[in-house]
There are 2 protein chains.
Amino acid sequence: MIIEHKSISLAEQVFDRLETDILSGKYQPGEVLTELKLVGDLGVSRTPIREALRRLEQEHIIEMTPRGILILGVSQKDLEDILEIRTRIEGLAAYMAAQNITDEQLEELRETVELQEFYVPKHDADRINVMDSKFHLLIYRFSGSVPLYDTLMPLHKKVLKYRRASVENEVRSAYSSQEHRAIFEAIAAHDAPLAEKYMMEHIANAKDYIQKKGNH
Amino acid sequence: MIIEHKSISLAEQVFDRLETDILSGKYQPGEVLTELKLVGDLGVSRTPIREALRRLEQEHIIEMTPRGILILGVSQKDLEDILEIRTRIEGLAAYMAAQNITDEQLEELRETVELQEFYVPKHDADRINVMDSKFHLLIYRFSGSVPLYDTLMPLHKKVLKYRRASVENEVRSAYSSQEHRAIFEAIAAHDAPLAEKYMMEHIANAKDYIQKKGNH
DNA sequence: TGTAGTATAATTGTATACATTCATACAAAG
DNA sequence: CTTTGTATGAATGTATACAATTATACTACA
């Protein structure tokens with residue numbers, strides 16, 4: 001087997017690093033950075049940093065101002081809107097995946113579901129989180145639609161900080177895993193409408209849980 | 001009244017220019033450009049050009065390769081997927097706009113609808129196109145949701161080349177104008193579910209028209 | 001004649017130098 | 001004491017210089 005060693009540019013690495021740091025909450029909304037500070041922190045020149053910043057600005061998670069880089073992050077209102085949007089189109093991804101998925105892809109999806117089921121009773125939040133996230137990302141990919149993938153991916157990533165909380169709750173975590181199983185079975189049966197229905201319910205449930213939590 | 005003279009950076013201008021040129025079909029899919037060629041064409045250095053290219057790459061309408069900039073554009077398959085996605089979430093934008101729109105914003109939307117109605121019988125395709133596009137963009141904005149705006153905007157822009165064809169057809173153009181009127185009236189009445197229903201039908205109709213045209 | 005190796009030139013990737021902008025503070029005038 | 005003008009410096013915006021990569025063509029060898 002040939003391993004492709006695609007060398008990732010610094011600009012790309014910086015983008016991934018900053019995006020994660022912002023969406024995970026390491027940099028807080030309202031905080032102001034400077035390019036010079038990032039040069040010191042990341043050890044690369046301003047050029048790749050700026051290329052990354054432009055992309056982050058396009059995603060509306062930072063704003064480049066004359067005084068520095070303003071961290072915007074994801075607000076509670078943003079989060080609600082994002083889950084409302086995902087409720088409507090992530091079902092479409094499940095629908096298309098049910099139509100287009102190959103046997104090989106199906107096995108990859110099955111393994112992800114089963115690993116999540118394996119970690120849930122062990123309360124291994126980190127690994128549950130990885131599998132939970134991977135399940136959704138695989139469905140985006142297996143939908144076979146680049147525009148749908150491109151649309152869902154940034155929305156998915158922006159829920160990072162809040163998804164973590166769901167995964168740490170034992171009750172929600174168990175339900176979530178069951179919902180993934182139901183979606184998987186529908187996709188495996190190539191029952192597109194059912195896969196869509198289950199996925200829409202799954203996102204709606206996640207939305208309800210996060211909102212309930214937000215209103216303490 | 002204070003006029004804000006926000007000076008737009010070269011990077012931003014280059015992005016807008018290249019995006020339009022690619023999505024309008026001036027650069028054809030498969031074509032390969034180089035940064036040096038763009039330096040000559042646009043009269044700016046590589047730095048702002050590269051910042052723009054990174055954003056275009058993120059939108060998947062170009063690909064930066066070691067041999068140059070590969071133009072991807074928007075395929076027929078992409079277009080179908082995009083309209084399927086828009087069918088599902090542009091209704092949400094209309095729904096939210098019906099809830100959140102102010103009287104002042106309502107007048108701006110009304111003027112857009114009425115100007116479109118004014119130009120349709122005159123067969124002024126350019127101006128019809130501008131108003132048609134503006135109608136949708138205003139609703140994105142008046143929805144009051146930044147994530148929804150950010151999600152819909154790139155999808156809307158990618159239909160540019162194909163929307164033009166719809167506008168030039170007298171029958172579809174007249175229907176489209178009527179559909180905008182119906183959506184507007186529902187929003188004006190703050191009837192969110194109705195606004196959503198009409199918008200979904202409107203996008204579905206546009207999709208049907210474009211697909212019928214594509215299958216000649 | 002075919003194939004593997006290698007030189008090369010064109011292109012992107014990165015770093016740095018220079019230009020411009022703009023918030024801030026401070027001083028002067030009313 | 002308020003307000004307006006202006007100097008200043010820190011930051012982004014832009015241009016250019018340098019490094020690394022890679023497809024291509026050519027050469028040498030089997």
Side-chain angles (χ1 to χ4, degrees), chain A residues 1-22 26-73, chain B residues 1-22 26-73:
Chain A
M1 178 182 170
I2 297 167
I3 296 176
E4 285 194 35
H5 233 320
K6 186 183 176 186
S7 81
I8 296 168
S9 68
L10 291 183
E12 184 72 22
Q13 293 177 47
V14 169
F15 173 79
D16 287 341
R17 163 82 179 269
L18 289 179
E19 189 186 42
T20 302
D21 285 351
I22 294 165
K26 183 173 167 186
Y27 296 126
Q28 288 294 318
E31 193 172 346
V32 176
L33 306 176
T34 68
E35 293 177 8
L36 204 62
K37 179 184 186 308
L38 292 174
V39 166
D41 288 357
L42 306 178
V44 299
S45 76
R46 284 179 61 211
T47 304
I49 288 176
R50 282 183 62 83
E51 289 175 11
L53 291 175
R54 288 289 187 202
R55 292 173 60 192
L56 296 170
E57 186 174 51
Q58 178 154 289
E59 290 188 342
H60 267 122
I61 62 179
I62 68 163
E63 199 177 309
M64 293 170 83
T65 79
R67 301 291 291 169
I69 300 144
L70 175 62
I71 305 295
L72 298 179
Chain B
M1 178 182 171
I2 297 167
I3 296 175
E4 284 195 36
H5 234 319
K6 186 184 176 186
S7 81
I8 296 167
S9 69
L10 290 183
E12 185 72 21
Q13 293 177 47
V14 169
F15 173 78
D16 287 341
R17 164 81 180 269
L18 289 179
E19 188 186 42
T20 302
D21 286 351
I22 293 165
K26 183 174 168 185
Y27 296 125
Q28 288 293 319
E31 194 172 345
V32 176
L33 306 176
T34 68
E35 293 176 9
L36 204 63
K37 179 184 185 310
L38 292 174
V39 166
D41 288 358
L42 305 178
V44 299
S45 77
R46 284 179 61 211
T47 304
I49 288 175
R50 280 183 62 85
E51 289 175 11
L53 290 176
R54 288 289 188 202
R55 293 173 59 192
L56 296 170
E57 187 174 50
Q58 177 153 291
E59 291 189 341
H60 267 122
I61 62 179
I62 68 163
E63 199 177 309
M64 292 170 83
T65 78
R67 300 291 291 169
I69 300 143
L70 175 63
I71 306 296
L72 299 179

Tell me every residue that passes salt bridge (Lys or Arg N to Asp or Glu O under 4.0 Å) with B:Glu63, counting only those two or more places apart in sequence or in another chain. none
Salt bridge or not for B:Glu59 and B:Arg54, using N-O below 4.0 Å? no
Which residues in residues 55-63 of chain B have a heavy atom closer than 4.0 Å to any atom of DNA chain D? none
Under a 4.0 Å N-O cut-off, is there an ion pair linking A:Arg46 with A:Glu51? no
Distances under 3.5 Å between nitrogen or oxygen atoms of protein and nucleotides 8-15 of chain D:
from   : atom 1 : to      : atom 2 : distance (Å)
D:dT12 : OP1    : A:Glu35 : N      : 3.2
D:dT12 : OP2    : A:Glu35 : N      : 3.2
D:dG13 : OP2    : A:Arg50 : NH1    : 2.7
D:dG13 : OP2    : A:Arg50 : NH2    : 2.9
D:dG13 : N7     : A:Arg46 : NH2    : 2.9
D:dG13 : O6     : A:Arg46 : NH1    : 3.0
D:dT14 : OP1    : B:Leu10 : N      : 2.6
D:dA15 : OP2    : B:Ser45 : N      : 2.8
D:dA15 : OP2    : B:Ser45 : OG     : 2.8
D:dA15 : O5'    : B:Ser45 : OG     : 3.4
D:dA15 : N7     : B:Thr47 : OG1    : 2.6
D:dA15 : N6     : B:Thr47 : OG1    : 3.3

B:Arg55 side chain reached by A:Glu57 side chain, heavy atoms, under 4.5 Å: no
Counting C-beta onward and ignoring hydrogens, is there a side-chain heavy-atom pair between A:Val14 and A:Glu12 closer than 4.5 Å? no
Option among A:Leu56, A:Val32, A:Leu18 that satisfies the side-chain contact (heavy atoms from CB on, under 4.5 Å) test with A:Ile62: A:Leu56
Quick one: does B:Thr34's side chain get under 4.5 Å of B:Lys37's, heavy atoms only? yes
